[in-house]
Amino acid sequence: MCGIAGSIAWAAAARPVDTRRLRAMSERLSHRGPDGAGEWFSADGTTALGHRRLAIIDLSDAGAQPMQSASGRHVIVFNGEIYNHRELRRALEADGIRFRSSSDTEVLLEGLERHGVPFLSRLRGMFALALHEPAQRRTLLARDTFGIKPLYWSVDATHLHFASQVQAFVAAGIARTPCAEGRAGFLLWGSVPEPWTCWREVNALPAGHVLRIEGGQVFAPEPFLTVHSILAHASPARAAKSRADALEQVAEAITDSVGVHQVADVPVALFLSAGLDSAMLAFAASGDASGTSGAATCRSITLSFDELEGTPADEAPLAREIAAAAGVEFNPRRIGRNDFLASAHLFHAEMDQPTIDGINSWFVSQSARQLGMKVALSGLGGDELLASYPSFRQIPTYVRRTRWAQPLRPLGRLARRAIGPWLGQVTSPKYAALLEHAGDWAGGYLLRRALFMPWEIERMMGAEGGRALDALDTL
């Protein structure tokens, strides 16, 4: 988890960039990259790039950033990891490129210099990057297809700024105006929906998009490879012949994904719960899933909580059994009330934007750091891909069972207004809207997943909230 930041004077009338602003942004990202700090300034003072390094591949100084290409034509700052960098390196070497390091950063840099934006579609990994060409005063920002790595940008009349975290813009005095859409989105879903942030001046670069600064212009973000485009052009999946065949295909995909995620020059740990997806990762990481020899150095980290000790909700006992069966090292961390209270201020200080989730991830990441681990497999997204959450069953059930009431939906809003205030005093006010959203997939999702319903947010935020919800409805 490196951190990148930069400032670019894009307009002809712009003054040179403020180096103090770049350093303020970079300093705010220091916790992302404790292994090194670098900065680069163009000779004409119009561009400044900063980097905070977490060294994962090529731990030597040869992998430090900002990094200039062998030709000197380009300079890059990059956060992420390119898992297929070795294959890409061999292909580039066949084209005559000679490398000075074993880092994936240099592969990315030289590949972009040789092939341009189309090279991004050949990457297997996660990334947020800025590529600058000083002679042409041309800059490219890019973010990976799934949006795993964050990248934010802000533009005014003369300058564009970018960074890995929203708080970097706050530290530099760029973010000043609260964003109603960001606040309304948080109240609705428990996190801030992209491309909005908490601040009007700061936007998230969409996943799978590039943003260009060239010829005195800042162009709107454009897609280079999105999930939708991948699905639209993908070859049909091989139909499973049986349940066993389907499970075998899933196992192969998981084993392959875990294998490439273990490409690193430092040990890779595992966040281990007692869930099925976590158990699959443990066996795949140890080598059992692929039939190869187990990785004796694979270390797992498990959180448990004092309040759950001795109850079925305590994950530690089963996680211990999974670790033993998979052949990975078991490292439990128990969290009590005092641990939470003592760490709450640190969690809030390090949280980039508000979220109702993340405290568990923060504690398990802290535990990994205490064990001296830099990289860990988390399984994030597994529940969504494998439809493991109860809502994947509950929402279709709701839609199916309420389809008969669709003709009565015009009365739903009147019913909700009539009984909502009373119902909200004794149970969830969502029950008042069951008729309003009868037989509706989007409504079913709203009823199941929303923190607050839209009419509650309007009551809290007033007319500003209503306008923000209208904007969010365009997502």
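Since we're looking at a predicted model, the values are computed, not measured.
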Participant: Thr105 and Gln65: side chain to side chain donor-acceptor pair (under 3.5 Å), yes or no, with the steps?
Facilitator: CA-CA 8 Å; Thr105 304; Gln65 301 181 46; 3.2 Å; yes
Participant: Is a donor on one side and an acceptor on the other found under 3.5 Å between the side chain of Asp352 and the backbone of Val166?
Facilitator: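 Yes, because the side chain of Asp352 sits within donor-acceptor range (under 3.5 Å) of the backbone of Val166.
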Participant: Look at Glu181 together with Arg200 and state whether they make a salt bridge at an N to O cut-off of under 4.0 Å.
Facilitator: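 A salt bridge links Glu181 with Arg200.
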Participant: Kindly check if the number of other-residue, nucleotide or ligand heavy atoms within 6.0 Å of CZ (Phe347) is above 12?
Facilitator: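 Yes - once you tally the heavy atoms of other residues, nucleotides and ligands closer than 6.0 Å, there are more than 12.
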Participant: Do the side chains of Glu307 and Arg337 get close enough for a salt bridge, i.e. N-O under 4.0 angstrom?
Facilitator: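 Salt bridge absent between Glu307 and Arg337.
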Participant: Using a strict cut-off of less than 4.0 Å between a Lys/Arg side-chain nitrogen and an Asp/Glu carboxylate oxygen, indicate whether Asp104 and Arg89 qualify as a salt bridge.
Facilitator: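 Salt bridge: no.
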Participant: Would you indicate whether Tyr431, at its atom OH, is surrounded by more than 12 heavy atoms from other residues, nucleotides or ligands within a distance under 6.0 Å?
Facilitator: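 No, because the 6.0 Å sphere around OH of Tyr431 holds 12 heavy atoms or fewer from other groups.
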Participant: Using every non-hydrogen atom in the two residues, find where Met25 and Ala163 come nearest and quote the distance to one decimal.
Facilitator: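 Minimum heavy-atom contact is CE-CB, 3.7 Å.
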Participant: Within the structure provided, determine whether Leu188 and Leu451 are in side-chain contact (heavy-atom separation under 4.5 Å).
Facilitator: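 No. Closest side-chain heavy atoms not under 4.5 Å.
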Participant: Has Ser257 got a side-chain atom pairing as donor or acceptor with Ile254's backbone, closer than 3.5 angstrom?
Facilitator: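 Such a contact is absent between Ser257 side chain and Ile254 backbone.
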Participant: How about Leu386: does its CG atom have over 12 heavy atoms from other parts shown lying under 6.0 Å from it?
Facilitator: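 Counting other residues, nucleotides and ligands, CG of Leu386 exceeds 12 neighbours.
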Participant: Please check this pair: side chain of Thr355 against backbone of Ser191, looking for a donor-acceptor N/O pair closer than 3.5 Å.
Facilitator: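 No, the answer is negative, given that no donor and acceptor are paired below the 3.5 Å cut-off.
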Participant: Inspect the contact between Arg417 and Glu436 and indicate whether a charged nitrogen and a carboxylate oxygen are less than 4.0 angstrom apart.
Facilitator: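 Here Glu436 does not pair with Arg417 in a salt bridge, since their nearest N and O are not under 4.0 Å apart.
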Participant: Applying salt bridge (Lys or Arg N to Asp or Glu O under 4.0 Å), can you list everything that pairs with Glu464, at least two apart in sequence or on another chain?
Facilitator: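 Partners of Glu464 under the salt bridge (Lys or Arg N to Asp or Glu O under 4.0 Å) test: Arg183.
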Participant: Using atom types as modelled and distance alone, determine if a side-chain donor or acceptor of Asn79 lies under 3.5 Å from a backbone N or O of Cys2.
Facilitator: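 Yes, Asn79 side chain to Cys2 backbone: donor-acceptor pair under 3.5 Å.
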Participant: Measure the spacing between CD of Gln366 and OG of Ser361 and express it to the nearest 0.5 Å.
Facilitator: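 Rounded to the nearest 0.5 Å, the CD-OG separation comes to 12.5 Å.
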Participant: Please tell me if the side chains of Ser26 and Leu29 come closer than 4.5 Å, counting only heavy atoms from C-beta onward.
Facilitator: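 They are not in contact (no side-chain heavy atoms under 4.5 Å apart), so the answer is no.
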Participant: With side chain to side chain contact (heavy atoms under 4.5 Å, CB included) as the criterion, how do Met461 and Leu469 come out once you've worked through the C-alpha distance, each side chain's angles and the decisive distance to 0.1 Å?
Facilitator: CA-CA 10 Å; Met461 295 182 61; Leu469 289 168; over 6 Å; no
Participant: Please give me the minimum heavy-atom distance between Arg448 and Pro390, naming the atom from each residue.
Facilitator: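 Result for this residue pair: NH2-CB, 4.4 Å.
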Participant: Find out whether Met351 and Gln353 are in side-chain contact, i.e. whether some heavy atom of one side chain is under 4.5 Å from a heavy atom of the other.
Facilitator: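 Counting from C-beta outward, Met351 and Gln353 never come under 4.5 Å.
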Participant: Could you tell me whether the side chain of Ser278 and the main chain of Gly275 form a donor-acceptor pair under 3.5 Å?
Facilitator: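 Side chain of Ser278 to backbone of Gly275, a donor-acceptor pair under 3.5 Å: no, none is there.
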Participant: Indicate, with yes or no, if the rings of His161 and Phe169 have centres closer together than 6.0 Å.
Facilitator: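 Ring centroids of His161 and Phe169 are no less than 6.0 Å from each other.
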Participant: What's the separation between atom CG in Leu346 and atom CZ in Phe363, rounded to the nearest 0.5 Å?
Facilitator: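 With rounding to 0.5 Å, CG (Leu346) is 9.0 Å from CZ (Phe363).
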Participant: Taking all atoms of both residues into account, what is the closest heavy-atom pair of Ile395 and Gly444, and its distance?
Facilitator: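 Heavy atoms of Ile395 and Gly444 come nearest at CG1-O, 4.0 Å.
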Participant: Do Arg449 and Ser391 pass the side chain to side chain contact (heavy atoms under 4.5 Å, CB included) test, and can you show the C-alpha distance, the side-chain angles, and the key distance before you say yes or no?
Facilitator: CA-CA 8 Å; Arg449 301 291 295 181; Ser391 57; 4.0 Å; yes
Participant: Take His345 and Glu350 through the test side chain to side chain donor-acceptor pair (under 3.5 Å) and record every step on the way to the result.
Facilitator: CA-CA 9 Å; His345 70 288; Glu350 294 180 5; over 6 Å; no
Participant: Could you give the distance from CG (Asn203) to CD (Glu201), rounded to the nearest 0.5 Å?
Facilitator: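 Output value for this atom pair is 9.5 Å.
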Participant: I need the minimum non-hydrogen distance between Ala282 and Val328, along with the two atoms involved.
Facilitator: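 That would be O-CG1, 4.0 Å.
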Participant: May I ask you to decide if Ala450's main-chain N or O and Lys430's side chain share a donor-acceptor pair within less than 3.5 Å?
Facilitator: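 Such a contact is found between Lys430 side chain and Ala450 backbone.
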Participant: Ignoring hydrogens, what is the shortest heavy-atom contact between Ser388 and Gly382? Give both atom names and the distance.
Facilitator: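 In terms of heavy atoms, the two residues are closest at OG-O, 4.4 Å.
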Participant: Please report the interatomic distance CZ(Phe271) to CG(Asn360), rounded to the nearest 0.5 Å.
Facilitator: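 Rounded to the nearest 0.5 Å, the CZ-CG separation comes to 10.0 Å.
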Participant: Which value, rounded to the nearest 0.5 Å, describes the distance between Ile56 atom CD1 and Lys374 atom NZ?
Facilitator: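 Reported value, rounded in 0.5 Å steps: 5.5 Å.
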Participant: Taking everything shown except Arg334 itself, do over 12 heavy atoms lie less than 6.0 Å from its CZ?
Facilitator: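 Result for CZ/Arg334: enclosed.
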Participant: Out of curiosity, Ile322 CD1 to Ser273 OG, how far, rounded to the nearest 0.5 Å?
Facilitator: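 These two atoms lie 7.0 Å from each other.
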Participant: Just wondering, are more than 12 heavy atoms of other shown residues or ligands nearer than 6.0 Å to CG in Leu247?
Facilitator: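 Yes.
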Participant: Please confirm whether the backbone N or O of Pro410 pairs with a side-chain atom of Arg413, one donor and one acceptor, at under 3.5 Å?
Facilitator: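 Checked: no pair found.
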Participant: Test of understanding: with side-chain hydrogen bond (donor to acceptor under 3.5 Å, both in side chains), list the residues that count as partners of Glu81, not counting sequence neighbours.
Facilitator: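 Per chain and number, Glu81 pairs via side-chain hydrogen bond (donor to acceptor under 3.5 Å, both in side chains) with no residue.
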Participant: Under 4.5 Å between any side-chain heavy atoms of Val375 and Val266, yes or no?
Facilitator: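 Yes. Closest side-chain heavy atoms under 4.5 Å.
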Participant: Could you tell me whether the side chain of Leu270 reaches within less than 4.5 Å of the side chain of Arg299, counting heavy atoms only?
Facilitator: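 No. Closest side-chain heavy atoms not under 4.5 Å.
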Participant: Measuring only between side-chain heavy atoms, which start at C-beta, is Met373 closer than 4.5 Å to Val268?
Facilitator: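 Heavy-atom side-chain distance check fails, nothing below 4.5 Å.
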Participant: Side chain to side chain contact (heavy atoms under 4.5 Å, CB included) for Val263 and His85? Distances and angles first, verdict last.
Facilitator: CA-CA 10 Å; Val263 173; His85 71 97; 4.1 Å; yes
Participant: Between Trp189 and Phe452, does the ring centroid distance fall short of 6.0 Å?
Facilitator: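 Centroid distance Trp189-Phe452: not below 6.0 Å, so no.
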Participant: Mind checking whether Pro429 and Met453 have side chains closer than 4.5 Å, heavy atoms only?
Facilitator: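 No - every pair of side-chain heavy atoms lies 4.5 Å or more apart.
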Participant: Hey, does the side chain of Asp339 reach the backbone of Gly336 with a donor-acceptor pair shorter than 3.5 angstrom?
Facilitator: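 It does hold such a pair.
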Participant: Could you walk me through whether Thr402 and Leu434 pass the side chain to side chain contact (heavy atoms under 4.5 Å, CB included) check?
Facilitator: CA-CA 8 Å; Thr402 61; Leu434 290 176; over 6 Å; no
Participant: Treating Arg52 as the side-chain partner and Gly36 as the backbone partner, does any N or O pair qualify as donor plus acceptor under 3.5 Å?
Facilitator: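 Looks like no, no N/O pair under 3.5 Å.
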Participant: When you compare the side chain of Pro396 with that of Trp441, does any pair of heavy atoms fall below 4.5 Å?
Facilitator: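 Sidechains of Pro396 and Trp441: in contact.
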Participant: Taking atom CZ of Arg212 as the centre, report whether more than 12 heavy atoms of other residues, nucleotides or ligands fall under 6.0 Å from it.
Facilitator: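 Atom CZ in Arg212 is not packed in, count stays at 12 or less.
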Participant: Looking at Pro221 and Leu211, what are the two nearest heavy atoms and their distance?
Facilitator: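 Result for this residue pair: CG-CD1, 4.0 Å.
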Participant: Looking just at side-chain N and O atoms, do Ser304 and Glu309 make a donor-acceptor pair shorter than 3.5 Å?
Facilitator: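 The criterion, which ignores hydrogens and geometry beyond distance, is not satisfied for Glu309 and Ser304.
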Participant: What side-chain donor-acceptor pairs closer than 3.5 Å can you find for residues 120-131, not counting sequence neighbours?
Facilitator:
residue, atom, partner, partner atom, Å
Arg124, NH1, Asp256, OD2, 3.2
Arg124, NH2, Asp256, OD2, 2.7

Participant: With distance as the sole test, does His261 use its side chain to make a donor-acceptor pair with the main-chain N or O of Gly259 at under 3.5 Å?
Facilitator: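 Checking the backbone N and O of Gly259 against the side chain of His261, no donor-acceptor pair under 3.5 Å is found.
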